[in-house]
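Values below: every heavy atom of this structure, side chains too, minus hydrogens, waters and symmetry copies. By convention here, the first residue in the shown sequence is residue 1.
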Amino acid sequence: MFPSSDNAFSLSTLFSVYASITGFMMLFRKMLNDFMPMQLRSYLFRLLDQLFTPKSNNLTVIIDEKFGSESNHVFEAAEIYLRKKISPDTKQL
């Protein structure tokens, strides 16, 4: 999968690949701007923005105290960490 040390990619090969990809992306962007109507482009950008924008800033992680019949090491680590971070009066995070 990765090149071995005797036939590693040279700097000129990597630069050539980078230049080719960059040129393709510039051409592709130009074609999209020329041939795709503005309304369709703005719709697609809004759709992609909705896809990659988190729906909420809240995150819920549930860690079970037991993993089968054994104790859960992640639960123990979270308990130790949170014991230092929150007040003893806190009932729910």
Asks: Please give the remaining members of the hydrophobic cluster of M31, linking ILVMFWY side chains under 4.5 Å, ordered by chain and number.
Replies: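 The other cluster members (ILVMFWY side chains, heavy atoms under 4.5 Å, direct or chained) are L27, F35.
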Asks: Side-chain donor-acceptor contacts of residues 39-47 below 3.5 Å, not counting sequence neighbours, with atom names and distances?
Replies:
unit_1: R41; atom_1: NE; unit_2: M36; atom_2: O; d: 3.4
unit_1: R41; atom_1: NH1; unit_2: N33; atom_2: OD1; d: 3.0
unit_1: S42; atom_1: OG; unit_2: M38; atom_2: O; d: 3.3
unit_1: S42; atom_1: OG; unit_2: Q39; atom_2: O; d: 2.9

Asks: Can you list the other members of the hydrophobic cluster that holds I62, where links are side-chain heavy atoms under 4.5 angstrom apart?
Replies: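 Other cluster members: none.
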Asks: Applying the 4.5 Å side-chain criterion to the ILVMFWY set and letting contacts propagate, would M25 and V17 be lumped into a single cluster?
Replies: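 Shared cluster, yes.
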Asks: Angle between ring planes, F28 versus F24, binned at 30° and 60°: parallel, tilted or perpendicular?
Replies: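 Rings of F28 and F24: parallel, under 30°.
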Asks: Begin with the C-alpha distance, continue with both residues' side-chain angles, and end with the deciding distance and a verdict on side chain to side chain donor-acceptor pair (under 3.5 Å) for T13 and S16.
Replies: CA-CA 5 Å; T13 304; S16 175; over 6 Å; no
Asks: Show me the donor-acceptor pairs within less than 3.5 Å that the side chains of residues 64-74 make with the rest of the protein, sequence neighbours left out.
Replies:
unit_1: S71; atom_1: OG; unit_2: E76; atom_2: OE2; d: 3.0
unit_1: N72; atom_1: OD1; unit_2: V74; atom_2: N; d: 3.1
unit_1: N72; atom_1: ND2; unit_2: D64; atom_2: O; d: 3.0

Asks: Sequence neighbours left out, what passes salt bridge (charged side-chain N to carboxylate O under 4.0 Å, His left out) with D49? Give chain and number order.
Replies: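 For D49 there are no salt bridge (charged side-chain N to carboxylate O under 4.0 Å, His left out) partners, ignoring immediate neighbours.
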Asks: If you group Ile, Leu, Val, Met, Phe, Trp and Tyr whenever their side-chain heavy atoms sit less than 4.5 Å apart, what else falls in with L51?
Replies: L48, F52
Asks: Is there a continuous path of hydrophobic side-chain contacts, each under 4.5 Å between heavy atoms, that joins F75 to V61?
Replies: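 Yes, F75 connects to V61 through the hydrophobic network.
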